[in-house]
Number of protein chains: 2
Amino acid sequence: MGTTQLEPVQEPKYWHLKTVLNDALDSEFEVGEILPNERDLAARFGVARATLRQALEQLELEGRLQRRRGVGTTVAPPRIGVSVGPSAGTWPGAGRDAWDTVGCAEAAPPAAVAALLGVEAGERVHTVRRERMIQGQAIATEMLYVPPASVPGLSGMLGPAEHAPAVLRELRELELEGEDRAVELGSARAEDAKQLDRLPGAPVLVVTTRYYAQGRVAAASVATYRADTCRLTFGDSGALEVTHHQASDTRRAS
Amino acid sequence: MGTTQLEPVQEPKYWHLKTVLNDALDSEFEVGEILPNERDLAARFGVARATLRQALEQLELEGRLQRRRGVGTTVAPPRIGVSVGPSAGTWPGAGRDAWDTVGCAEAAPPAAVAALLGVEAGERVHTVRRERMIQGQAIATEMLYVPPASVPGLSGMLGPAEHAPAVLRELRELELEGEDRAVELGSARAEDAKQLDRLPGAPVLVVTTRYYAQGRVAAASVATYRADTCRLTFGDSGALEVTHHQASDTRRAS
DNA sequence: GAGTGGTCTAGACCACCTC
DNA sequence: AGGTGGTCTAGACCACTCG
């Protein structure tokens, strides 16, 4: 990163800066290595700190960097491929999976979820909150919504300790006919952010799933994956092992 | 949006501002309506323009707003659900689809794609560039990579006009055994941004697909979807019609 | 307490669109 | 020409982590 000055160009400074840094990351840094602090970097490139930060933000969005308040900025490892396909046994086939149940309650779901399930707004359903751990870190949180009608075997009035396992067990007994998924970009709510060890507003991939049984929507879940560290795979035939770096400059492809 | 001042709270101003605006959008604005300009809004809430912009940026990221330079900020319609599942005939079954071919060449793919295809870096493959149109607007661009070995029927030396259809035709003849997909967050390169009518760096969902035939990877594609306007659906049983607004505040769920 | 990234300000100028 | 969002600056202070 010997560059001391940016040659004046037409494109925005932060954009040019981003490509310069991106190339430097490839050639001069190792994964996990910490970068100079923002004030130094800004001075070195002759830009204001806000401009430098704009470049870093994008690189973080693309999964190239990891920034932690009070600590510093480090070079991120390649994104982790996490399987969310039906074959993944993500749920509810769930053998020994990386999912940890962290909470459980009966509550009224958000309006959008109620519509998904076809229940009245305000109607209470079983909810299970889980988080997905990979390599020791939480990469996703999930909220699972199960209308009582889907799990008639479940007698009411359970203590919190038995509740979650009971709901999951009942669900496993159901014959699932299929499932639907949708992925969209979102930003982490305060609650999710905390579990994912990110700041509120961090970019996340929101995976909404509908589970079908007996011709109806038997359950739904909303999972929130860290967008900086995850690549979601939907595979017939196993995950993609190779990371595709969506290059930030125009020079890459032929 | 009668609020003239933000009550002082502990959370960051831009975050609070975001939830205030988000609620105002629900209750006081119609889709397509234009908001007051940034300078007025900032003054109205008693914050600097940069702070106001930080809130708007997040709302745009979540698909609630659409901003256009020289024009203004408008309330965005709900995200469009676009199917990218195998059943979608996204490609190459392709009946009359919303895909438009916009270019074609023989070129060396980016290193990451070469690895995916299992060809040498620098080796030339057929490339087809397409864009996906929905409701009159481009929502995705795609680059398709096909090694010559996968389409032996293709005699070399074709004019640009015949090339793309020929590649697609040959591909349709193949017996595809399956496909793999991965989704991750990226930012639009200059070229993609132009086709998607966004600024460079705009957030996009990058869908990488591997197509298998005869036990090998016969082709690969990298598609870039506008993250602000799209919700990607992977369905056995049809798309989710209901939008899930990943709420920005904590008050939504029970 | 020293050092980091995160938030915020009050300006300025630029690129783009529309009239 | 006038209005919009996009870029950029040079500061300040805050929240967090760590030795």
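FYI, side chains are in, hydrogens and waters are out, and symmetry mates aren't considered; it's all heavy atoms of this structure.
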Rounded to the nearest angstrom, tell me the gap between atom [atom1] in [X] and atom [atom2] in [N].
{"X": "B:L41", "N": "D:dG6", "atom1": "CG", "atom2": "P", "answer": "13 Å"}
{"X": "B:L35", "N": "D:dG3", "atom1": "CG", "atom2": "C1'", "answer": "16 Å"}
{"X": "A:L56", "N": "C:dT7", "atom1": "CG", "atom2": "C1'", "answer": "16 Å"}
{"X": "A:D197", "N": "D:dA15", "atom1": "CG", "atom2": "C1'", "answer": "15 Å"}
{"X": "B:L199", "N": "D:dT7", "atom1": "CG", "atom2": "C1'", "answer": "11 Å"}
{"X": "B:Y14", "N": "C:dG5", "atom1": "OH", "atom2": "C1'", "answer": "12 Å"}
{"X": "B:E57", "N": "D:dG5", "atom1": "CD", "atom2": "P", "answer": "13 Å"}
{"X": "B:R198", "N": "C:dC16", "atom1": "CZ", "atom2": "P", "answer": "15 Å"}

Discussion item. Does this structure show an ion pair linking A:D197 with A:R68, if we count only N-O contacts that are shorter than 4.0 Å?
Written reply: yes
Discussion item. Donor-acceptor check, side chain of B:T51 to backbone of B:V47, threshold 3.5 angstrom: yes or no?
Written reply: no
Item to complete: Could you go through the salt bridge (Lys or Arg N to Asp or Glu O under 4.0 Å) check for A:D26 and A:R64 one step at a time?
Response: CA-CA 10 Å; A:D26 285 334; A:R64 300 284 283 144; 2.6 Å; yes
Fill in: Stepwise salt bridge (Lys or Arg N to Asp or Glu O under 4.0 Å) test for A:R132 and A:E142
CA-CA 8 Å; A:R132 189 169 182 172; A:E142 183 189 52; over 6 Å; no
Discussion item. If the cut-off is 4.0 Å, is A:N37 near the phosphate of C:dT4, judged by side-chain N/O to OP1 or OP2?
Written reply: yes
Check [X] against [Y] and note the closest heavy-atom contact, atom names and distance.
{"X": "B:Q195", "Y": "B:A138", "result": "O-CB, 3.4 Å"}
{"X": "A:L144", "Y": "A:S221", "result": "CD1-CB, 3.7 Å"}
{"X": "A:Y225", "Y": "A:C230", "result": "CD2-SG, 4.3 Å"}

Worksheet item: Which comes earlier along DNA chain D counting from the 5' end, the contact point of B:P200 or that of B:D40, where each point is its nearest nucleotide?
Response: B:D40
Item to complete: Name every residue in residues 65-75 of chain A that has at least one heavy atom under 4.0 Å from any atom of DNA chain C, in order of residue number, or write none if there are no such residues.
Response: A:R67, A:R68, A:R69, A:G70, A:V71, A:G72, A:T73
Quick test: give all pairs of protein nitrogen or oxygen and nucleotides 9-12 of chain D nitrogen or oxygen below 3.5 Å, distance rounded to 0.1 Å.
unit_1	atom_1	unit_2	atom_2	d
D:dT9	OP1	A:K13	NZ	2.9
D:dT9	OP2	A:A48	N	2.8
D:dT9	OP2	A:T51	OG1	2.4

Worksheet item: Considering residues at least two apart in sequence or located in another chain, which fulfil the salt bridge (Lys or Arg N to Asp or Glu O under 4.0 Å) criterion with A:D40?
Response: none
Worksheet entry | Geometric class of the B:F234/A:F234 ring pair [parallel <30°, tilted 30-60°, perpendicular >60°] | parallel
